[in-house]
Amino acid sequence: MTKVILKSQLIPERIHIMMPITKGIIAMSPDLNDLLAFSRVAECRSFRQAAQELQLTASALSHTMTRMEKKLGMRLLQRTTRSVSLTPAGERLLQSLQPALQEIQGALESLNELRDKPVGRLRLNVPRPTAQLTLAPLMAAWHAAYPEVELEVVSSDALIDIVEQGFDAGLRFGESLQQDMVAIPVGPEVRFVACASPAYLQKHGIPETPHDLLQHQCIQFRFPSGQRYRWEFQRGQEKLEVATTGALVFDDFYVATRAARDGAGICYTYRGYADELVQQGQLQYVLEDWWPAPERSYLYYPSRRHQSAALRAFIDFMK
């Protein structure tokens with residue numbers, strides 16, 4: 001997938017690609033900006049999303065595509081109120097464009113190597129806990145080191161195709177990585193823990209085994225897909241997954257941890273969210289000998305895509 005660079009970043013003047021002027025052949029094709037815009041719409045399958053990435057309005061982008069189709073004399077996109085799809089002509093054009101646009105992108109990125117420090121835009125897709133616990137503490141140092149790189153972090157727990165969604169890289173746990181990706185371990189190890197408020201445990205008792213959780217009010221975590229998280233435990237070689245139950249369901253570990261602090265039940269969360277509250281006596285760890293082994297986050301990116309100077313700098317920084 002080709003990352004589209006904004007007009008102001010890529011093409012200071014509109015460039016027209018001249019076709020041979022022959023009877024029956026179009027003398028002027030769409031310009032490079034139009035082709036870049038088409039590529040982004042075709043890959044996003046959405047005018048709204050493509051317009052956001054290009055920093056244009058959806059109506060302006062739609063007008064650009066209509067003008068381009070008139071130049072070519074054929075329909076490239078099928079539009080409905082809810083979706084955008086490619087016509088056979090659009091599919092053929094996109095397949096032909098992608099290698100060329102990648103080469104152009106690579107050529108422009110090669111100029112970055114002549115700079116003292118990289119410039120440009122870098123888009124990352126990161127789960128919210130990773131953004132809060134791993135990235136946030138490093139952002140001031142990153143910006144001081146690379147002030148001319150525009151770093152956009154989109155925090156989402158949904159599993160997405162970063163190429164299809166226009167991201168340069170993402171951070172995930174190892175088991176969640178997409179295929180055909182280069183993955184590099186980054187950041188500190190993270191651990192999941194079980195905890196509850198001292199008041200809750202005094203009233204309801206302390207679980208001795210993971211199976212005891214079935215007798216407790218457990219605060220649930222729901223993935224964007226709607227699936228609820230099964231709590232994972234390990235002691236030695238024994239591994240367990242427990243489908244706990246509870247009346248409270250959140251899609252945010254931070255919120256679940258705060259609910260546990262206030263006595264709502266037992267929660268299963270990142271240790272980074274719980275440690276300070278435990279030290280303050282507001283939470284108490286349980287089942288410590290059953291906690292799963294620590295995990296690492298991985299910075300991953302497409303192996304087949306040209307690596308921008310900004311991404312290389314970010315990889316080195318995170319290492």
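In this text, all values refer to a predicted model and were calculated from it rather than measured experimentally.
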Item to check | Glu152 and Arg121 ion-paired at < 4.0 Å | outcome: yes
Item to check | Side-chain (Glu69) to main-chain (Leu76) donor-acceptor, under 3.5 angstrom | outcome: yes
Next on the checklist: Quick check: is Leu277 connected to Phe253 through a chain of hydrophobic side chains (ILVMFWY, heavy atoms under 4.5 Å apart)?
Outcome noted: no
Item to check | side chain to side chain contact (heavy atoms under 4.5 Å, CB included) between Lys319 and Ile184, intermediate numbers included | outcome: CA-CA 8 Å; Lys319 283 181 179 179; Ile184 301 170; 3.9 Å; yes
Checklist entry - Do Val193 and Glu288 have side-chain heavy atoms sitting under 4.5 Å apart? => result no
Checklist entry - If you take all heavy atoms of Leu248 and Ala264, which pair is closest and at what distance? => result CD1-CB, 3.5 Å
Item to check | Ion pair check, Glu91 and Arg75, cut-off under 4.0 Å | outcome: no
Next on the checklist: Using the side chain to side chain contact (heavy atoms under 4.5 Å, CB included) definition, which of the options Tyr301, Tyr298, Tyr300 pairs with Val182?
Outcome noted: Tyr301
Checklist outcome for this item: Residue set satisfying salt bridge (charged side-chain N to carboxylate O under 4.0 Å, His left out) with Arg258, at least two apart, ordered chain then number -> none
Item to check | Cluster overlap Phe223 with Val190, hydrophobic side-chain contacts below 4.5 Å | outcome: yes
Checklist entry - Shared ILVMFWY cluster between Met74 and Phe38, side chains joined below 4.5 angstrom? => result yes
Next on the checklist: Let me confirm one number: the CZ-CG distance from Arg92 to Leu97, rounded to the nearest 0.5 Å.
Outcome noted: 13.0 Å
Checklist entry - Considering all heavy atoms of both residues, which atom of His216 and which atom of Gly205 are nearest to each other, and what is their separation? => result CE1-O, 3.1 Å
Item to check | Under 3.5 Å: donor-acceptor pair, side chain of Thr66, backbone of Ser62 | outcome: yes
Checklist entry - Which atom names give the shortest non-hydrogen contact between Val249 and Gly246, and what distance separates them? => result CG2-O, 4.5 Å
Checklist entry - Is there a donor-acceptor contact under 3.5 Å from the side chain of Arg128 to the main chain of Asp251? => result yes
Item to check | Shortest non-hydrogen contact between Pro129 and Tyr273, atoms and distance | outcome: CA-OH, 3.2 Å
Checklist entry - Is the closest side-chain donor-acceptor distance between Asp275 and Tyr270 under 3.5 Å? => result no
Checklist entry - Does the side chain of Gln220 pick up a donor-acceptor pair with the side chain of Thr244 at under 3.5 Å? => result yes
Checklist outcome for this item: Interatomic distance, CG@Leu32 vs CG@Leu36, rounded to 0.5 Å, equals 4.5 Å
Next on the checklist: As an exercise, state the distance from CG of Leu171 to OG of Ser297, rounded to the nearest 0.5 Å.
Outcome noted: 6.0 Å
Checklist entry - Atom CG of Leu94 and atom CG of Leu35: how far apart are they, to the nearest 0.5 Å? => result 11.0 Å
Checklist outcome for this item: Separation between CD (Gln284) and OH (Tyr200), nearest 0.5 Å, reads 12.5 Å
Checklist entry - So which heavy atom on Trp291 is nearest to which on Val286, and how close? => result NE1-O, 3.1 Å
Checklist entry - So do Thr269 and Cys195 actually touch side chain to side chain, heavy atoms under 4.5 Å? => result yes
Next on the checklist: With a 4.0 Å cut-off on N to O distance, would you call Asp168 and Arg123 a salt bridge?
Outcome noted: no
Item to check | Test log, rule side-chain hydrogen bond (donor to acceptor under 3.5 Å, both in side chains), inputs Gln234 and Glu238 | outcome: CA-CA 6 Å; Gln234 179 178 356; Glu238 185 179 2; over 6 Å; no
Checklist entry - Any donor and acceptor pair, going by atom type alone, linking the side chain of Arg191 with main-chain N or O of Ala293 inside 3.5 Å? => result no
Item to check | Donor-acceptor contact present, side-chain Gln282 to main-chain Ser197, <3.5 Å | outcome: no
Item to check | ILVMFWY network linking Leu283 to Ile206, side-chain heavy atoms under 4.5 angstrom | outcome: no
Checklist outcome for this item: Heavy atoms of Glu208 and Trp290 approach each other most closely as O-NE1, 4.2 Å
Checklist entry - Taking a hydrophobic cluster as the set of Ile, Leu, Val, Met, Phe, Trp and Tyr residues connected by side-chain heavy atoms closer than 4.5 Å, whether directly or through intermediates, do Val278 and Tyr254 fall within one such cluster? => result no
Next on the checklist: Working to the nearest 0.5 angstrom, can you tell me the gap between Asn125 CG and Ser155 OG?
Outcome noted: 8.5 Å
Next on the checklist: Are Trp142 and Phe314, when compared by the centres of their aromatic rings, separated by less than 6.0 Å?
Outcome noted: yes
Item to check | Electrostatic pair Glu189:Arg296 at N-O distance under 4.0 angstrom | outcome: no
Checklist entry - Near Glu276 CD, under 6.0 Å, is it more than 12 heavy atoms from other residues, nucleotides or ligands? => result no
Checklist entry - Does any non-hydrogen side-chain atom of Arg45 lie less than 4.5 Å from one of Leu86? => result yes
Item to check | Ring centers of Trp231, Phe192 separated by less than 6.0 Å | outcome: no
Next on the checklist: Quick check: do Pro207 and Leu201 have side-chain heavy atoms less than 4.5 Å from each other?
Outcome noted: yes
Item to check | Test of ring centre spacing under 6.0 Å for Phe233 and Tyr268 | outcome: yes
